[in-house]
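The structure appears below as C-alpha cells.
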Amino acid sequence: MKLYSDMLDTPIGAISIEADDENILKILFDQENIEISPNVLTQRCKSQLREYFKGTRTEFDLPIKFHGTDFQEQAWQALRHIPFGQTATYGEQARHMKKPKAVRAVGSANGKNKICIAVPCHRIIGADGSLTGYGAGINRKKWLLDHERKALILNQ
C-alpha cells in the first residue's frame, strides 16, 4: 500500500496529512520531517481544512480509515456526531455509544485519535465545562472551539 503525505500551515501550527489511495489515515499537529508526496486525497483534505480555518466549512467530507480497536473506532465515530461549534462531555459521548459507564475508556480512546479536527475530539470537555486534555495542547483546543463559535456567529 502506497502512502501519501502533505503539510498545511494553519493559524495554530503545521498539520500533517497522511493518506493511502482510498482514505485519509492521519491528520496531526506537530509532525516533523514529513516527506511531501501528495495525492488527490491529501489535496482534498488540505482544501477542506483551509475552508475550516476560514470558517466556511462546518463538516468534512473525507473518506477516513480508522486504525484502532472496535471500541476506539466506535468512540471516534461518536465524535463525528458532535456538531460544529458545540461541545459534549465524555459522559455524553459514552452515553451516545450506549456505554454510559465507559467514560474513562472514552477519554483514553479520544487521546489516541489520529485524525484531528475532522474527527473533532477537541469538542469534548469535562463534565464541569473545563477544557480537559487534548493531544495537540489545550491552547489549540481553546482556539479551535473559539474559532467554531465565531464562525457560527459570522455565518448566521
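In this chain, numbering begins with 1 at the start of the sequence shown.
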Worksheet entry | Rounded distance (nearest 0.5 Å) linking atom CZ of Phe84 with atom CG of Leu152 | 5.5 Å

Item to complete: Could you grab the distance from atom CD1 of Ile12 to atom CG of Asn139, nearest 0.5 Å is fine?
Response: 10.0 Å

Response to the item:
All heavy atoms of Gln72 vs all of Lys112, minimum pair found to be NE2-CD, 3.0 Å

Item to complete: List for me each residue that meets side chain to side chain donor-acceptor pair (under 3.5 Å) alongside Arg140, sequence neighbours excluded, and say none if there are none.
Response: Asp30

Fill in: Side-chain donor/acceptor of Glu18 to backbone N/O of Ile27, under 3.5 Å
no

Worksheet item: If every non-hydrogen atom of Ser130 is compared with every non-hydrogen atom of Asp128, which pair is closest and at what distance?
Response: OG-OD1, 2.6 Å

Worksheet item: Going from OG1 on Thr87 to CD1 on Ile124, what distance comes out if it is rounded to the nearest 0.5 angstrom?
Response: 8.0 Å

Practice prompt. Nearest 0.5 Å please: distance from the CG atom of Leu144 over to the OG1 atom of Thr10.
Written response: 8.0 Å

Worksheet item: Is Glu92 reaching over with its side chain to a backbone N or O of Thr89, donor-acceptor style, under 3.5 angstrom?
Response: yes

Discussion item. When you measure from the centre of the six-membered ring of Tyr4, is the NZ or CZ of Lys2 closer than 6.0 Å and no more than 45° off the axis?
Written reply: yes

Item to complete: Tell me, please, which residues at least two apart from Ser16 pass side-chain contact (heavy atoms from CB on, under 4.5 Å).
Response: Met7, Leu28, Gln31, Ile34

Practice prompt. Without swapping roles, check the side chain of Asn113 against the backbone of Trp76 for a donor-acceptor pair under 3.5 Å.
Written response: no

Fill in: For Lys114, all residues meeting salt bridge (Lys or Arg N to Asp or Glu O under 4.0 Å), sequence neighbours excluded
none

Discussion item. Using the rule given for side-chain hydrogen bond (donor to acceptor under 3.5 Å, both in side chains), can you reason through Thr42 versus Lys46, listing the C-alpha separation, both sets of side-chain angles and the distance that settles it, and then say yes or no?
Written reply: CA-CA 6 Å; Thr42 62; Lys46 276 177 71 168; over 6 Å; no

Item to complete: Measure the spacing between CG of Asp6 and CD1 of Ile36 and express it to the nearest 0.5 Å.
Response: 5.0 Å

Worksheet entry | Heavy-atom closest pair, residues Thr132 and Ile125 | OG1-C, 4.1 Å

Worksheet item: Would you say the side chain of Leu49 lies within less than 4.5 Å of the side chain of Phe60, judging by non-hydrogen atoms?
Response: yes

Discussion item. side-chain contact (heavy atoms from CB on, under 4.5 Å) for Lys26 and Ile17? Distances and angles first, verdict last.
Written reply: CA-CA 6 Å; Lys26 294 180 185 175; Ile17 302 161; over 6 Å; no

Worksheet item: More than 12 non-hydrogen atoms from neighbouring residues, nucleotides or ligands closer than 6.0 Å to CD on Glu59, yes or no?
Response: no

Worksheet item: What's the verdict on side-chain hydrogen bond (donor to acceptor under 3.5 Å, both in side chains) for His122 and Glu148, showing C-alpha distance, side-chain angles and the deciding distance?
Response: CA-CA 11 Å; His122 64 276; Glu148 291 183 8; 2.7 Å; yes

Fill in: Chi angles and distances behind the side-chain hydrogen bond (donor to acceptor under 3.5 Å, both in side chains) call for Asn110, Gln93
CA-CA 10 Å; Asn110 289 354; Gln93 183 183 1; 2.8 Å; yes

Fill in: Path from Leu25 to Ile15 over hydrophobic side-chain contacts below 4.5 Å
no

Discussion item. Please determine whether side-chain contact (heavy atoms from CB on, under 4.5 Å) holds for the pair Lys150 and His147, giving the CA-CA distance in whole Å, both sets of side-chain angles, and the decisive distance to 0.1 Å.
Written reply: CA-CA 5 Å; Lys150 289 175 191 172; His147 166 71; 5.9 Å; no

Discussion item. Run the side-chain contact (heavy atoms from CB on, under 4.5 Å) test on Arg44 and Asp61 for me, step by step, so that the C-alpha distance in whole Å, both residues' side-chain angles and the decisive distance to 0.1 Å come before the verdict.
Written reply: CA-CA 9 Å; Arg44 183 170 150 201; Asp61 177 25; 3.7 Å; yes

Item to complete: Hey, could you give me the CD1/CZ distance between Ile117 and Phe53, rounded to the nearest 0.5 Å?
Response: 3.5 Å

Discussion item. If you compare all heavy atoms of Arg149 against all heavy atoms of Gly85, which two are closest, and at what distance to 0.1 Å?
Written reply: CG-O, 4.2 Å

Worksheet entry | Nearest heavy atoms of Leu79 and Cys121, plus distance in Å | CD1-CB, 3.7 Å

Item to complete: Test side-chain contact (heavy atoms from CB on, under 4.5 Å) on Ile115 and Phe66 and set out the steps.
Response: CA-CA 8 Å; Ile115 304 176; Phe66 295 115; 4.2 Å; yes

Item to complete: Give a yes or no on this: more than 12 heavy atoms of other residues, nucleotides or ligands lie within 6.0 Å of atom NZ of Lys141.
Response: yes

Worksheet item: Considering all heavy atoms of both residues, which atom of Asp20 and which atom of Met1 are nearest to each other, and what is their separation?
Response: OD2-SD, 3.3 Å

Discussion item. Under the criterion salt bridge (Lys or Arg N to Asp or Glu O under 4.0 Å), I'd like the reasoning laid out for Asp146 against Lys142: C-alpha separation, chi angles, the key distance, then a yes or no.
Written reply: CA-CA 6 Å; Asp146 289 345; Lys142 181 178 180 342; 2.8 Å; yes

Fill in: Ring centers of Trp143, Tyr134 separated by less than 6.0 Å
no

